[in-house]
**Student:** 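Provided herewith is a single structure, encoded as structure tokens, for subsequent inquiry.
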Amino acid sequence: MSMITNNYMNEISKVFAIGVDVLNGTRSLKNISLDLKLLAINGIVQAAKIGTNQGQSLITLSGFLSDLPVQIAPELEELEQVSAQFARQLTVCSIAVRRYLNYSEALRNLIARVLKYSKTAYNAEDFNLLDPKVLAKLPSHPAFKNVTQNDRENIIRFASRNQKVIELINDLLYDAHILMNKASKKLDSIKRNGFIANYMGSNILIESSYLSSDQKSFSGLVENIKNIVKILDEQLMKISEDLSYGDSVITTLIKLKSK
């Protein structure tokens with residue numbers, strides 16, 4: 001296997017692993033959203049026991065907070081769907097790459113054998129078999145000027161097969177890139193809801209400070225809200241970093257084929 005092909009395989013493995021991590025990360029966000037909703041409902045129950053104007057205000061604030069997971073739910077669902085498509089896309093891509101690896105080795109061995117008997121200065125490593133343009137022009141390359149008709153036909157057949165597979169892989173990678181951009185936009189929207197949750201928590205803390213009792217209960221509630229939002233932000237950051245890294249790997253893969 002050539003160095004270029006070996007690097008290509010390694011990078012494909014990386015981006016596949018990233019796809020799995022992103023999917024698992026997005027699924028875990030649903031649990032965080034549920035925890036936030038349960039805390040908000042607890043706040044409503046606590047506020048309902050107070051029966052004063054402050055209690056009514058706290059019910060209203062907790063109600064706004066409990067609505068956030070409902071608003072986030074469609075975003076989380078869409079994010080999971082996009083992430084699942086992303087992971088499936090990379091799975092299909094990995095299967096195509098394994099097929100390409102077998103085709104590539106067969107073509108490289110054919111080229112090496114043909115060049116050995118034609119006594120040319122060229123060798124198999126001179127051809128970037130990841131580049132569809134190279135594969136398209138391979139049969140007419142000067143290195144194969146004196147090969148037999150049978151060898152030429154084999155080169156044409158093998159090169160055409162490799163070209164179709166590598167073009168399929170490139171299409172899959174471009175589609176994966178588009179899905180990554182969609183996922184990133186969903187992350188931004190969910191992150192804004194996390195900011196709102198923090199803001200609501202701060203308002204609950206301020207409003208509960210006027211209470212003659214139950215301040216500690218609401219302080220604990222707000223602390224839990226902030227902890228959940230912190231976990232949400234950390235998870236969103238992790239997914240965002242995975243997507244950013246995946247994008248850079250895909251860019252590298254596209255560059256590798258043109259070297």
Side-chain angles (χ1 to χ4, degrees), residues 4-36 68-104 130-132 162-195 197 228-259:
I4 292 177
T5 304
N6 188 53
N7 288 342
Y8 192 82
M9 301 306 161
N10 291 336
E11 295 301 290
I12 285 286
S13 297
K14 286 181 186 178
V15 80
F16 175 74
I18 290 168
V20 174
D21 289 342
V22 168
L23 179 58
N24 290 336
T26 56
R27 285 174 173 168
S28 71
L29 293 176
K30 286 187 174 181
N31 293 330
I32 298 173
S33 177
L34 178 60
D35 289 342
L36 184 60
L68 280 179
V70 178
Q71 296 171 21
I72 296 175
E75 301 284 351
L76 291 177
E77 189 65 34
E78 288 180 31
L79 177 61
E80 183 176 350
Q81 289 176 4
V82 171
S83 299
Q85 287 178 323
F86 177 55
R88 282 195 297 270
Q89 195 82 358
L90 295 175
T91 299
V92 174
C93 187
S94 296
I95 293 171
V97 166
R98 286 196 291 271
R99 189 163 74 248
Y100 161 78
L101 179 59
N102 293 329
Y103 290 172
S104 175
L130 286 170
D131 192 335
N162 277 30
Q163 185 179 353
K164 289 177 181 177
V165 176
I166 202 65
E167 286 176 347
L168 169 64
I169 293 170
N170 288 336
D171 288 342
L172 291 169
L173 289 174
Y174 279 118
D175 289 343
H177 171 72
I178 292 171
L179 290 170
M180 288 169 68
N181 287 336
K182 285 185 179 179
S184 294
K185 290 178 181 177
K186 292 297 176 186
L187 288 179
D188 291 339
S189 179
I190 295 169
K191 193 178 296 184
R192 283 194 295 272
N193 282 286
F195 175 81
I228 287 178
V229 172
K230 181 183 177 183
I231 293 171
L232 175 65
D233 286 342
E234 289 174 351
Q235 189 62 48
L236 290 172
M237 178 62 70
K238 174 65 169 58
I239 296 172
S240 180
E241 289 174 350
D242 284 341
L243 288 171
S244 178
Y245 180 51
D247 190 45
S248 67
V249 173
I250 287 178
T251 301
T252 301
L253 287 169
I254 295 170
K255 286 182 179 179
L256 272 175
K257 75 177 183 59
S258 61
K259 286 185 178 179

**Student:** Atom CG of D175 and atom CG of L90: how far apart are they, to the nearest 0.5 Å?
**Tutor:**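 Between D175 CG and L90 CG, I get 10.5 Å after rounding to 0.5 Å.
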**Student:** Would you indicate whether K191, at its atom NZ, is surrounded by more than 12 heavy atoms from other residues, nucleotides or ligands within a distance under 6.0 Å?
**Tutor:** yes
**Student:** Quick one: closest heavy-atom pair of K182 and V82, and the distance?
**Tutor:** CB-CG1, 4.1 Å
**Student:** If we ignore hydrogens and angles and just use 3.5 Å, is the side chain of S240 paired with the main-chain N or O of L236 as donor and acceptor?
**Tutor:** no
**Student:** Checking D247 side chain against L243 main chain: does a donor-acceptor pair fall under 3.5 Å?
**Tutor:** no
**Student:** In a check of side-chain contact (heavy atoms from CB on, under 4.5 Å) between Q89 and each of L172, L173, I178, D171, which one passes?
**Tutor:** L172
**Student:** Grab the two heavy atoms, one from F16 and one from S94, that are nearest each other, plus how far apart they are.
**Tutor:**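 Looking at all heavy atoms of both residues, the shortest contact is CD1-OG, 3.5 Å.
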**Student:** State the CD1-CG distance between I228 and N31, to the nearest 0.5 angstrom.
**Tutor:**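 Between I228 CD1 and N31 CG, I get 11.0 Å after rounding to 0.5 Å.
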**Student:** Got a second to check how far E234's CD is from M237's CE, nearest 0.5 Å?
**Tutor:** 9.5 Å
**Student:** Where is the tightest heavy-atom contact between T26 and S83, given as atom of each residue plus distance?
**Tutor:** CG2-OG, 3.1 Å
**Student:** Restricting to non-hydrogen atoms, name the atom on Q235 and the atom on G25 that form the minimum distance, rounded to 0.1 Å.
**Tutor:** NE2-CA, 3.4 Å
**Student:** Main chain of Y100, side chain of S104: is a donor-acceptor contact present, judged purely on distance under 3.5 Å?
**Tutor:** no
**Student:** Supply the atom-to-atom distance I190 CD1 to E78 CD, rounded to the nearest 0.5 angstrom.
**Tutor:**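 That separation rounds to 9.0 Å.
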**Student:** Quick one: closest heavy-atom pair of A87 and G19, and the distance?
**Tutor:**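 Taking A87 first and G19 second, the nearest heavy atoms are CB-O, 4.0 Å.
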**Student:** Nearest 0.5 Å, please: how far is CG in L130 from CD1 in I169?
**Tutor:**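 Going from the CD1 atom of I169 to the CG atom of L130 covers 8.0 Å.
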**Student:** What is the minimum heavy-atom distance between A183 and L79, and which atoms define it?
**Tutor:**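 Answer, listing the atom of A183 first, then L79: O-CD1, 3.7 Å.
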**Student:** Can you find a pair of side-chain heavy atoms, one from Q85 and one from Q81, that are under 4.5 Å apart?
**Tutor:** no
**Student:** Using salt bridge (Lys or Arg N to Asp or Glu O under 4.0 Å), reason through K238 and E241 one step at a time and then give a plain yes or no.
**Tutor:** CA-CA 5 Å; K238 174 65 169 58; E241 289 174 350; over 6 Å; no
**Student:** Taking the side chain as every heavy atom from C-beta outward, state whether I18 and M180 have any atom pair closer than 4.5 Å.
**Tutor:**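 Not in contact.
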**Student:** Could you state the interatomic distance from CZ (F86) to OG1 (T91), rounded to the nearest 0.5 Å?
**Tutor:**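 Going from the CZ atom of F86 to the OG1 atom of T91 covers 10.0 Å.
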**Student:** Do the side chains of I239 and L29 get nearer than 4.5 Å, heavy atoms only?
**Tutor:** yes
